[in-house]
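Since the structure is predicted, the reported quantities are computational estimates derived from the model, not experimental observations.
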Amino acid sequence: MLGFGFRQNSNMLSKWLRMGARNGRGCGVRQCRSFASSGFDNLRNIGISAHIDSGKTTLTERILYYAGRIADVHEVRGKDGVGAKMDSMDLEREKGITIQSAATYVSWKDKNVNIIDTPGHIDFTIEVERALRVLDGAILVLCSVGGVQSQSITVDKQMKRYNVPRIAFINKCDRVGANPDRVIGQLRDVLKLNAAPVQIPIGLEGDHEGVVDLVERKAIYFRGNRGVDVEEEEVPGDLKEIVEEKRIELIETLADVDDEVAEAYLEEGEDLPVELLKKAIRRQTIDRNFVAVFMGSAFKNKGVQKVLDGVSDYLPDPSEVENVALDQSDDEAPKVLSTDSKEKFVGLAFKLEKGRYGQLTYLRVYQGSLKKGQVIKMGGTNKTVKLPRIVRMHADEMEDVDEVGSGEIVAMFGVECASGTTFCHPDLDLTMTSIFVPEPVMSLSIEPSSTKDNDTFSKALNRFMFEDPTLRVEVDKETSETLISGMGELHLDIYCQRLEREYNCEVKVGKPKVSYRETCTKRSEFNYLHKKQSGGSGQYGRVIGYVEPLPEDSKVSFEFVNKMIGNNIPPEFIPAIEKGFKEALDKGALSGNRVQGVRFALTDGATHPVDSNEAAFRMATKGAFREGFLSANPSILEPIMSVEVEVPPEFQGNTVSALSRRRGMILGADTAEDGTVVIKSEVPLSEMFGYSSDLRSTTEGKGTFTMEFTRYAPLAKDQQQSVIKKYQAARAEENAK
């Protein structure tokens with residue numbers, strides 16, 4: 001029996017854990033960390049992402065423990081009175097879910113690893129977006145029973161959007177119904193990934209003991225207290241045949257995308273060298289042509305150390321990922337950034353937090369180095385700031401550092417900026433592409449229970465909105481109500497609870513409101529004159545053109561087109577016309593909701609030598625759009641949610657019927673290995689309010705569901721009339737006041 005990994009270093013581990021117990025922080029920066037300026041091959045920046053309840057926070061907790069970063073393991077939901085390290089918010093520990101992404105760092109063997117643990121619930125998807133924007137690699141965690149689920153699909157899209165290489169970890173192999181082969185099939189068929197296992201489990205469900213490394217043909221067991229002792233043995237006799245089959249599958253999958261493996265496979269056959277396979281896996285993982293699949297059970301302390309080895313062996317270091325900025329001094333010409341720490345500094349702020357000591361800004365350093373006291377500039381502006389403090393984050397703890405090199409992820413104090421701001425050396429004028437921010441899908445009215453809390457209420461909402469780009473706050477001009485809009489019921493409910501807990505501000509909440517949209521379905525011409533005379537110079541502007549729907553596959557939600565020939569409208573008034581069009585989109589004529597999917601084409605117009613001005617043409621455009629829109633067969637769109645419900649088989653019929661009553665369209669049903677039925681459907685958001693309580697009552701508390709926004713679709717005619725009548729009644733009531 002061979003000793004391996006931490007078994008060889010058990011004394012060192014004990015020393016680290018004792019150190020952590022003394023200072024409450026694990027090993028400090030200067031004890032276990034060197035800067036990236038000493039070389040990039042020892043640095044990894046990774047995120048851990050998954051569908052809710054797949055075990056990613058549990059995985060992160062084990063990673064911190066095995067790397068000596070924390071002295072003991074605690075579980076999610078705070079059952080032991082402590083809770084997982086990365087879930088530092090009380091609400092996270094109570095609900096057992098991750099709400100905010102949290103950053104930390106560990107040292108694993110000869111590698112330094114920055115880690116961001118992200119939420120798995122769709123309501124907090126912005127946290128995943130901004131984490132993946134600045135990371136070089138990721139671990140996609142999947143449940144061995146649930147497999148690829150709705151948020152797994154969303155996370156996969158996000159990883160592809162930011163070109164993030166990933167490895168996969170099939171977790172919970174100890175659960176009843178665990179089936180890694182089925183999950184790998186879903187990775188290939190549903191996510192269209194070229195995935196293959198680099199391990200197979202030694203036993204499943206209650207018999208899960210460890211894994212077999214297919215690359216090295218070794219059985220790996222995780223023994224001792226909390227699986228600290230990683231031991232290698234010969235492959236058990238009853239697994240040798242399946243190991244060879246799966247190793248050939250791995251080689252053939254690689255050969256499809258890697259010429260070196262393909263050539264060696266043809267010349268040497270199946271027994272390829274370990275180093276050749278490892279280099280090919282790394283090469284194709286970084287090129288996003290291959291996904292290596294690991295297995296285990298984080299909760300039962302099996303497989304986690306080998307996932308960390310996979311991060312070291314297969315995910316890229318910062319120098320292996322190309323990052324591009326736009327040079328504002330050269331007409332936004334693309335500029336490939338260098339990872340050389342001696343170059344001039346460039347970094348991107350990707351997450352903000354407002355605290356007692358001011359704004360904490362999370363920053364990824366892409367080029368150059370960052371020092372305490374350094375003067376840096378906000379890209380695209382002439383504003384410079386002197387950096388007073390740099391910290392490394394370990395969940396909610398901070399450790400001061402004086403300097404960091406290229407490739408690092410840190411946080412800055414004392415710098416006021418918005419999320420997505422690029423910072424650079426004062427001699428540069430570069431900006432980097434920002435983060436994709438999805439539109440809110442629902443809103444509700446909210447007000448403080450006591451008028452004495454008005455100032456606190458406003459301060460809190462401003463802070464929340466500043467930190468979270470998907471949270472919108474506005475005051476309805478007609479009703480004077482404060483409306484908060486977000487990604488779902490849970491998203492908004494969390495902020496209502498935070499108001500009470502963090503600011504001691506009790507609130508009264510109105511009924512949730514769906515964020516409908518309006519659009520047009522046919523082309524309509526307009527010829528509109530705005531004319532106003534009230535003594536002295538007046539206002540005069542005529543706009544002529546048409547409104548028409550955009551194609552269904554359009555990548556933009558609206559479009560302004562100037563098709564004028566000649567100068568009947570002087571060029572200096574065109575920006576005002578475009579501005580008037582965009583303002584008109586904010587409030588549709590049918591229900592007061594935003595308009596999307598329309599093109600506004602300007603073909604002609606007229607001016608007055610004295611009375612024409614920008615304000616006149618802006619007002620003329622708003623009137624013209626309303627006139628044309630009402631003649632273009634307008635309709636109301638409603639948000640449609642992709643809903644997955646998991647129930648025991650005896651409740652399948654009732655669940656399907658309940659979804660159908662909510663105007664749901666059933667897309668199909670699958671039976672998991674443990675017998676659970678997964679019902680996939682699409683349901684209008686307006687019908688999903690209160691569904692959680694109904695599902696619990698109809699399934700005796702055994703059913704669960706997830707939902708995420710998928711698209712907007714036309715609202716049924718009778719439903720449209722109901723929405724329009726409510727809007728008109730509200731307007732009439734407001735006008736009567």
Q: Are Leu140 and Phe169 close enough that some pair of their side-chain heavy atoms sits under 4.5 Å apart?
A: no
Q: How close do Arg618 and Gly580 get, counting heavy atoms only, and between which atoms?
A: CG-CA, 3.6 Å
Q: Quick one: CZ on Phe457 to CD1 on Ile446, what's the gap to the nearest 0.5 Å?
A: 4.5 Å
Q: Do Phe600 and Phe558 have their ring centres less than 6.0 Å from each other?
A: no
Q: Among all residues two or more places apart in sequence or in another chain, which pass the salt bridge (charged side-chain N to carboxylate O under 4.0 Å, His left out) test with Arg663?
A: Glu638, Glu687
Q: Between Ser591 and Glu518, does a side chain to side chain donor-acceptor pair (under 3.5 Å) hold up when you go through it step by step?
A: CA-CA 8 Å; Ser591 61; Glu518 297 184 23; 2.8 Å; yes
Q: Can you name the closest pair of heavy atoms from Gln720 and Ile636 and give their distance?
A: OE1-N, 3.3 Å
Q: At their closest point, which heavy atom of Ala325 faces which heavy atom of Met432, and how far apart are they?
A: CB-CG, 4.0 Å
Q: Roughly how far apart are Glu474 CD and Ile484 CD1, rounded to 0.5 Å?
A: 11.5 Å
Q: Report the C-alpha distance between Gln596 and Leu637 in whole Å, list the side-chain angles of each, state the deciding distance to 0.1 Å, and finish with yes or no for side chain to side chain contact (heavy atoms under 4.5 Å, CB included).
A: CA-CA 9 Å; Gln596 69 177 35; Leu637 306 175; 3.7 Å; yes
Q: Compute whether any side-chain donor of one residue and acceptor of the other, for Asp493 and Gln497, lie under 3.5 angstrom apart.
A: yes
Q: Does the Ser681 side chain pair with the main chain of Gly664, one donor and one acceptor, at a distance under 3.5 Å?
A: no
Q: I need the minimum non-hydrogen distance between Leu132 and Ala138, along with the two atoms involved.
A: CD2-CB, 4.3 Å
Q: Please report the shortest heavy-atom distance between Ile153 and Val190, naming the atom on each side.
A: CD1-CG1, 4.0 Å
Q: Is the shortest heavy-atom distance from the side chain of Ser686 to the side chain of Pro684 under 4.5 Å?
A: yes
Q: Relative to each other, are the rings of Tyr691 and Phe705 parallel, tilted or perpendicular (30° and 60° limits)?
A: perpendicular
Q: Less than 4.5 Å apart, side chain to side chain, heavy atoms only: is that true for Ser450 and Asp453?
A: yes
Q: Report yes or no: does His51 contribute a side-chain atom to a donor-acceptor pair with the main-chain N or O of Gln149 at less than 3.5 Å?
A: no
Q: In sequence, state the C-alpha distance, the side-chain angles, and the governing distance for Arg133 and Glu129, and then conclude on salt bridge (charged side-chain N to carboxylate O under 4.0 Å, His left out).
A: CA-CA 6 Å; Arg133 171 63 183 84; Glu129 287 283 347; over 6 Å; no
Q: Quick check on side chain to side chain contact (heavy atoms under 4.5 Å, CB included): which of Leu659, Leu667, Val643 does Ile679 satisfy it with?
A: Leu659
Q: Please confirm whether the backbone N or O of Arg392 pairs with a side-chain atom of Glu399, one donor and one acceptor, at under 3.5 Å?
A: no
Q: Going by atom types alone, do Arg498 and Tyr503 pair a side-chain donor with an acceptor below 3.5 Å?
A: no
Q: Do any side-chain atoms of residues 707-715 form donor-acceptor pairs under 3.5 angstrom with protein atoms, and if so which ones, sequence neighbours left out?
A:
residue, atom, partner, partner atom, Å
Glu708, OE1, Thr154, OG1, 2.2
Glu708, OE2, Thr154, OG1, 2.9
Arg711, NH1, Glu682, OE1, 2.6
Arg711, NH1, Glu682, OE2, 3.2
Arg711, NH2, Glu682, OE1, 3.3
Tyr712, OH, Ser515, O, 3.0

Q: Can Lys160 and Asp156 be counted as an ion pair, charged N to O under 4.0 angstrom?
A: yes
Q: Mind checking whether Leu337 and Val324 have side chains closer than 4.5 Å, heavy atoms only?
A: no
Q: Decide yes or no for Val391 and Leu360: does some side-chain heavy atom of the first lie under 4.5 Å from some side-chain heavy atom of the second?
A: yes
Q: Report the C-alpha distance between Val645 and Val678 in whole Å, list the side-chain angles of each, state the deciding distance to 0.1 Å, and finish with yes or no for side chain to side chain contact (heavy atoms under 4.5 Å, CB included).
A: CA-CA 6 Å; Val645 188; Val678 181; over 6 Å; no
Q: Between Ala418 and Leu352, what is the shortest heavy-atom contact and its length?
A: C-CD1, 3.7 Å
Q: With sequence neighbours left out, write down each residue that passes side chain to side chain contact (heavy atoms under 4.5 Å, CB included) with Thr470, or none if nothing qualifies.
A: Ile126, Val437, Pro438, Asp468, Met487, His491
Q: So, taking the atom named OG in Ser54 and the one named CG in Leu59, what distance separates them when rounded to the nearest 0.5 Å?
A: 11.0 Å
Q: Between Arg662 and Asp694, is there a side-chain N and carboxylate O pair less than 4.0 Å apart?
A: yes
Q: Check whether Tyr362 forms a cation-pi arrangement with Arg364 (NZ or CZ under 6.0 Å from the six-membered ring centre, at most 45° off the ring normal).
A: no
Q: Please round to the nearest 0.5 Å and tell me the distance separating atom OG1 of Thr104 and atom CD1 of Ile63.
A: 10.0 Å
Q: Apply salt bridge (charged side-chain N to carboxylate O under 4.0 Å, His left out) to Arg594 and list each qualifying residue two or more places apart in sequence or on a separate chain.
A: Asp586
Q: Is the backbone N or O of Thr451 less than 3.5 Å from a side-chain atom of Asn454, with the two atoms forming a donor-acceptor pair by type?
A: yes
Q: Distance-only, no hydrogens or angles: does the Ser554 side chain make a donor-acceptor pair with backbone N or O of Leu550 under 3.5 Å?
A: no
Q: Which value, rounded to the nearest 0.5 Å, describes the distance between Ser419 atom OG and Phe350 atom CZ?
A: 9.0 Å
Q: For Lys622, check salt bridge (charged side-chain N to carboxylate O under 4.0 Å, His left out) against everything at least two apart and list the hits.
A: Glu583
Q: Quick one: is the NZ or CZ of Arg161 closer than 6.0 Å to the six-membered ring centre of Phe436, and within 45° of its axis?
A: yes
Q: Going from CG on Asn45 to CD1 on Ile115, what distance comes out if it is rounded to the nearest 0.5 angstrom?
A: 10.0 Å
Q: Determine whether more than 12 heavy atoms belonging to other residues, nucleotides or ligands lie under 6.0 Å from atom CG of Asn382.
A: no
Q: Less than 4.5 Å apart, any side-chain heavy atom of Val723 and any of Val514?
A: no
Q: Crowded around Glu506 CD? As in, over 12 foreign heavy atoms under 6.0 Å?
A: no
Q: Would you say that Leu499 contacts Phe464 through its side chain, given a criterion of any heavy-atom pair below 4.5 Å between the two side chains?
A: yes
Q: Just by distance, do the side chain of Gln359 and the backbone of Val415 share a donor-acceptor pair under 3.5 Å?
A: yes
Q: Under the side chain to side chain contact (heavy atoms under 4.5 Å, CB included) rule, collect the residues that match up with Gln728, sequence neighbours excluded.
A: Ile724
Q: Is any side-chain heavy atom of Thr361 closer than 4.5 Å to a side-chain heavy atom of Cys417?
A: yes
Q: Begin with the C-alpha distance, continue with both residues' side-chain angles, and end with the deciding distance and a verdict on side chain to side chain donor-acceptor pair (under 3.5 Å) for Glu127 and Thr118.
A: CA-CA 6 Å; Glu127 296 288 336; Thr118 63; over 6 Å; no
Q: Start with the C-alpha distance between Glu467 and Lys351, add both sets of side-chain angles, then the distance that settles salt bridge (charged side-chain N to carboxylate O under 4.0 Å, His left out), and finish with yes or no.
A: CA-CA 7 Å; Glu467 294 177 353; Lys351 177 179 167 69; over 6 Å; no
